[in-house]
Asker: 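Below you'll find the structure I mean.
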Amino acid sequence: MSGTIRIPATAPEPVNSYAPGTSARTELKAALKEMSGQRADIPLVIGGQELRTGDVRSIAAPHDHGLDLGVWHAGGAAEALRAIEETRDARREWASWRWEERATVFLKAAELLATKWRPVLNAATMLGQSKTAFQAEIDAACELIDFYRWGVHFAETIYDQQPESGRGEWNRLDFRPLEGFVYAVSPFNFTAIGGNLAGLPALMGCGVLWKPSSNALLSSYFTYKLLEEAGLPPGVVNFVPGHPAEITQAALSHPEFAGLHFTGSTEVFQSLWTTVGREIGSYRSYPRLVGETGGKDFIVAHPSADPDALRTAIVRGAFEYQGQKCSAASRAYVPESIWREMREPLAAETDGLPMGDPADFRNFVNAVIDGHAFRKIAGYIDRAAASPDAEIVAGGTYSDSDGWFIRPTIVRAKTPAYESMCDEIFGPVISIYVYPDDAWAETLEIVDSTSPYGLTGAVFAQDRSAVREAMDRLRYAAGNFYVNDKPTGAVVAHQPFGGGRASGTNDKAGSAFNLLRWVTPRTIKESFVPAVDYRYPFMAER
Ligand code: NAD
């Protein structure tokens, strides 16, 4: 095919409301019912072949211990090595496709997800990861659609970057996919992240070994099936759930390891980086390391802040998806004058948040992901209840009798260094430090220095000079900074996402910066009439 190809125009995927009476709600309820009544049997998929190892684990519904969603098969080092072999063969063919042919797969996947796959991926996310219909919609449907559509747009902007050429020469850049495979390791909390981590390096021509989170198997598997239906050739992305340490060991000690696309905790990313450092002499090329990790995201309010806007940002920012967003507001700094006004309404609103099964659309919060998370979060709540340095203002209770349920909790910390002001808890707990109104500058200093992370943060103020001061003083405290808005809910292409410091390499998911990491450009210079004599004019006698 010849021609300068233009990709279709891109716009953010509209968010369905799932309000009563809408057809989207009817379809989603039907999908939930059907999926709840089935038992999945999820295999590994290597080179397009399903593989059932027999080492099975159950797929739990965090909100309902009695709901059996089926099983998944776990792989280990042998399966990881087989998958790496498959990427080698598949990549040779896939990387030779014109880029717009690769793009068709992702544009088709986006369209399939916007239509017939939408209720499937949303229902899988609601049941397997315990999300409300709205939280599933903005993740599994809209964000993943946007990652694929905008990913194609960003790829085009990268391929468009071509060098200047002088007279008699033509200079070109060939954006080669990485020479080796990309190891994609995804977290439980966003379906879209798994699809992005595995999908976008593939869009740029790479072969991928994808290890999804054991706590997001249902939605991850359907994401893989979506790509398969969209025409992704076998072996380009290999779906290998299983033992994290074994799979990682096989991947990171392989000479063809060329890139890590990771999202998850800071601790795991640092352990992977350490392994890469140890193995660095054994790789064919220097691997690209992209990791988006933890956060201790803040809201800092100035005495000029609008108390209603602040209260709403705290409730939505801290408690949507049970605070299990890397961007969730988990510490807030509120001046005394506003705290006096807002304490009661904030506590009442928090205590009134409806909690329960995501299939009951009246609920705002559901369960936390598993028993390990439940116990960790409950520990923070118990210690706060017993500490002279903390006070529980709302919530503070939990129950694991039906599912892993923790009431949205507000801790008032009497010292800004109290543990829950500093640690990533990753649950429905926000800690608030109340500061004297005249201590704004000192408070900004505390916000900046309290945690090792630098992911998201928000300032609430109506006084413009206070906004400017916060923007300046907190320049490195957050890679995604919000003014009079909650620190969650980044939209692909609108708020490229990622943080610095201990929060990651800040390669900005949902932007061209990320895609650049999956190519290794080759510069080609062609001379049309090459020199035929080595001597230069300056060498002549006269
Ligand atoms: P996690 O670190 O426990 O797991 C992430 C992935 O790493 C999973 O696939 C897991 O199986 C794998 N893993 C775990 N131990 C491993 C090991 N020893 N070796 C190799 N792989 C291993 O994280 P999680 O609980 O799934 O997700 C929550 C974390 O992710 C939070 O810290 C959150 O802040 C972070 N997160 C960050 C972003 C971001 O964009 N910055 C987005 C989402 C989540």
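Given the structure is predicted, the values throughout are model-derived calculations rather than measurements. When a ligand or atom number is given, it counts from 1 through the structure's own listing order.
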Asker: Can you check atom 41 (N) of ligand 1: any protein non-hydrogen atom closer than 4.0 Å?
Answerer: yes
Asker: Any idea how Phe374 and Trp404 line up, ring-wise: parallel (<30°), tilted (30 to 60°), or perpendicular (>60°)?
Answerer: tilted
Asker: Any atom of ligand 1 sitting under 4.0 Å from a heavy atom of Phe269?
Answerer: no
Asker: For Gly294, counting its heavy atoms only, list the atoms of ligand 1 lying under 4.0 Å from any of them.
Answerer: 32 (O), 34 (O)
Asker: Look at atom 33 (C) of ligand 1 and say which protein heavy atom is nearest, naming residue and atom and giving the distance to 0.1 Å.
Answerer: Phe426 CE1, 3.3 Å
Asker: Of all the atoms in ligand 1, which lie at a distance below 4.0 Å from a heavy atom belonging to Phe497?
Answerer: 39 (C), 40 (O)
Asker: Asp400 and His65: side-chain donor and acceptor closer than 3.5 Å?
Answerer: no
Asker: Minimum distance, heavy atoms only, to atom 5 (C) of ligand 1: which one of Thr505, Thr263, Thr275 is it?
Answerer: Thr263
Asker: Decide yes or no for His254 and Phe181: does some side-chain heavy atom of the first lie under 4.5 Å from some side-chain heavy atom of the second?
Answerer: yes
Asker: Less than 4.0 angstrom from a charged side-chain N to a carboxylate O is my criterion; do Glu228 and Lys225 meet it?
Answerer: yes
Asker: Quick one: look up the protein heavy atom nearest atom 12 (C) of ligand 1 and list residue, atom name and how far away it is.
Answerer: Val185 CG1, 3.8 Å
Asker: Which of the numbered atoms in ligand 1 are below 4.0 angstrom from a heavy atom of Ile193?
Answerer: 42 (C), 43 (C)
Asker: Tell me, yes or no, whether the heavy-atom count around Glu267 atom CD, taken from other residues, nucleotides or ligands under 6.0 Å, exceeds 12.
Answerer: no
Asker: At a non-hydrogen distance cut-off of under 4.0 Å, which region of Ile247 contacts ligand 1 (side chain, backbone, both, or neither)?
Answerer: neither
Asker: Within the 4.0 Å heavy-atom shell around Leu455, which atoms of ligand 1 are there?
Answerer: 41 (N)
Asker: For atom 43 (C) of ligand 1, which of the options Asn480, Thr248, Asn189 provides the nearest non-hydrogen atom?
Answerer: Asn189
Asker: Could you tell me whether Phe298 and Tyr333 have their ring centroids closer than 6.0 angstrom?
Answerer: no
Asker: Will you find, in the side chains of Asn480 and Thr456, an N or O donor that is under 3.5 Å from an N or O acceptor?
Answerer: no
Asker: Considering heavy atoms of the protein only, find what lies nearest to atom 3 (O) of ligand 1 and give residue, atom and distance to 0.1 Å.
Answerer: Ser265 OG, 4.2 Å
Asker: Going by the order shown, which atoms of ligand 1 are within less than 4.0 Å of some heavy atom of Phe262?
Answerer: 7 (O)
Asker: Taking the basic N atoms (NZ, or NE/NH1/NH2) and the acidic carboxylate oxygens, is any pair closer than 4.0 Å for Arg52 and Glu50?
Answerer: yes
Asker: When you compare the side chain of Val240 with that of Leu209, does any pair of heavy atoms fall below 4.5 Å?
Answerer: yes
Asker: Checking a contact table here: which protein heavy atom is nearest atom 39 (C) of ligand 1, and how many Å away?
Answerer: Cys326 SG, 3.3 Å
Asker: Is there at least one pair of N or O atoms, one from Lys211 and one from ligand 1, spaced under 3.5 Å apart?
Answerer: yes
Asker: Does the Lys NZ or Arg CZ of Lys508 fall within the cation-pi geometry relative to Phe513 - under 6.0 Å from the ring centre and within 45° of the axis?
Answerer: no
Asker: Salt bridge check: are Arg501 and Asp448 linked by an N-O gap of less than 4.0 Å?
Answerer: yes
Asker: Numbering the atoms of ligand 1 from 1, which are under 4.0 Å from a heavy atom of Ser213?
Answerer: 9 (O)
Asker: For atom 14 (C) of ligand 1, what's the nearest protein heavy atom and its distance?
Answerer: Val268 CG2, 3.8 Å
Asker: Would you say Asn196 and His261 are linked by a side-chain donor-acceptor pair, where the criterion is simply a distance under 3.5 Å?
Answerer: no
Asker: Closest non-hydrogen protein atom to atom 27 (O) of ligand 1, residue and atom name please, with distance?
Answerer: Pro187 CB, 3.5 Å
Asker: Atom 32 (O) of ligand 1: which protein heavy atom is closest, and how many Å away?
Answerer: Glu424 OE1, 2.8 Å
Asker: Would you say Phe188 has any N or O atom under 3.5 Å from an N or O of ligand 1, going by distance alone?
Answerer: yes
Asker: Just by distance, no angles: are the side chains of Thr443 and Tyr433 close enough, under 3.5 Å, to form a donor-acceptor pair?
Answerer: no
Asker: Would you call Asn215 a ligand 1 contact, heavy-atom distance under 4.0 Å?
Answerer: no
Asker: So, Lys131 and Asp139, do they make that salt bridge, N to O below 4.0 Å?
Answerer: yes
Asker: Report the nearest protein non-hydrogen atom to atom 37 (C) of ligand 1: residue, atom name, distance rounded to 0.1 Å.
Answerer: Thr293 O, 2.9 Å
Asker: Nearest heavy atom to atom 8 (C) of ligand 1 wins, so pick from Gly264, Ser186, Ala184, Pro244.
Answerer: Ser186
